[in-house]
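Note sheet for the following structure.
The shown structure was predicted, so the numbers you read here are calculated from the model rather than taken from an experiment.
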Amino acid sequence: MMKPGEAINAVFKAKADALMPEQMSEPLAKVYSAYEAFKTALKQMDFEDMILHAIRLFRSDVEFAKR
């Protein structure tokens, strides 16, 4: 059984690797999804969100990435 701290670290690592909850195995996918839902309800972001949004922007907007 995974300890809570280990699960949180695994979620942060997944986010740093630009993985989404559906790309993870259970039960980490559930932990990741619950954490994201919790933050959304509070209208909050964490540091990993800022990095993940930047990565997605560079991947989705070729013109932006060229600048």
Side-chain angles (χ1 to χ4, degrees):
M1 178 174 237
M2 185 176 282
K3 295 179 182 178
E6 294 170 337
I8 291 168
N9 286 337
V11 168
F12 287 158
K13 168 117 177 54
K15 290 177 74 168
D17 292 338
L19 297 174
M20 301 303 295
E22 56 272 8
Q23 294 173 293
M24 300 192 62
S25 61
E26 295 294 338
L28 286 176
K30 286 184 180 181
V31 172
Y32 190 165
S33 293
Y35 175 64
E36 293 301 310
F38 178 73
K39 287 188 312 163
T40 298
L42 295 176
K43 297 181 181 174
Q44 298 290 314
M45 290 178 72
D46 60 23
F47 182 74
E48 287 77 12
D49 289 328
M50 292 184 276
I51 294 171
L52 192 52
H53 288 299
I55 290 169
R56 288 183 185 147
L57 177 61
F58 280 106
R59 288 180 179 171
S60 67
D61 189 336
V62 177
E63 291 303 314
F64 180 81
K66 287 180 182 179
R67 293 186 224 161

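Taking hydrophobic clusters as Ile, Leu, Val, Met, Phe, Trp and Tyr residues chained together by side-chain heavy-atom distances below 4.5 Å, L52 does not share a cluster with L57. In the hydrophobic clustering of ILVMFWY residues, with side-chain heavy atoms under 4.5 Å counting as a link, I55 and L19 come out apart. Both M45 and I51 are assigned to one and the same hydrophobic cluster, defined by single-linkage of ILVMFWY side chains at heavy-atom distances under 4.5 Å.
When side chains are defined from C-beta on, D49 does not count as touching Q44, because their heavy atoms never get closer than 4.5 Å. With contacts defined as side-chain heavy-atom distances shorter than 4.5 Å, the pair M2/L28 qualifies.
Within a 6.0 Å sphere centred on NZ of K13, other residues, nucleotides and ligands contribute 12 heavy atoms or fewer.
To the nearest 0.5 Å, the span separating CG on D46 from CZ on F12 amounts to 5.0 Å. A distance of 9.5 Å separates NZ of K15 from CE of M50, quoted to the nearest 0.5 Å.
Counting only residues at least two apart or on different chains, the ring-ring contact (aromatic ring centres under 6.0 Å, His included) pairs with a member in residues 46-67 are F58-F64.
The minimum heavy-atom distance between Q23 and M20, with the atom names listed, is OE1-N, 2.6 Å. When all heavy atoms of P21 and A29 are compared, the pair lying nearest together is O-CB, 3.3 Å.
With respect to the salt-bridge test (charged N to carboxylate O, under 4.0 angstrom), the residues E36 and K39 qualify.
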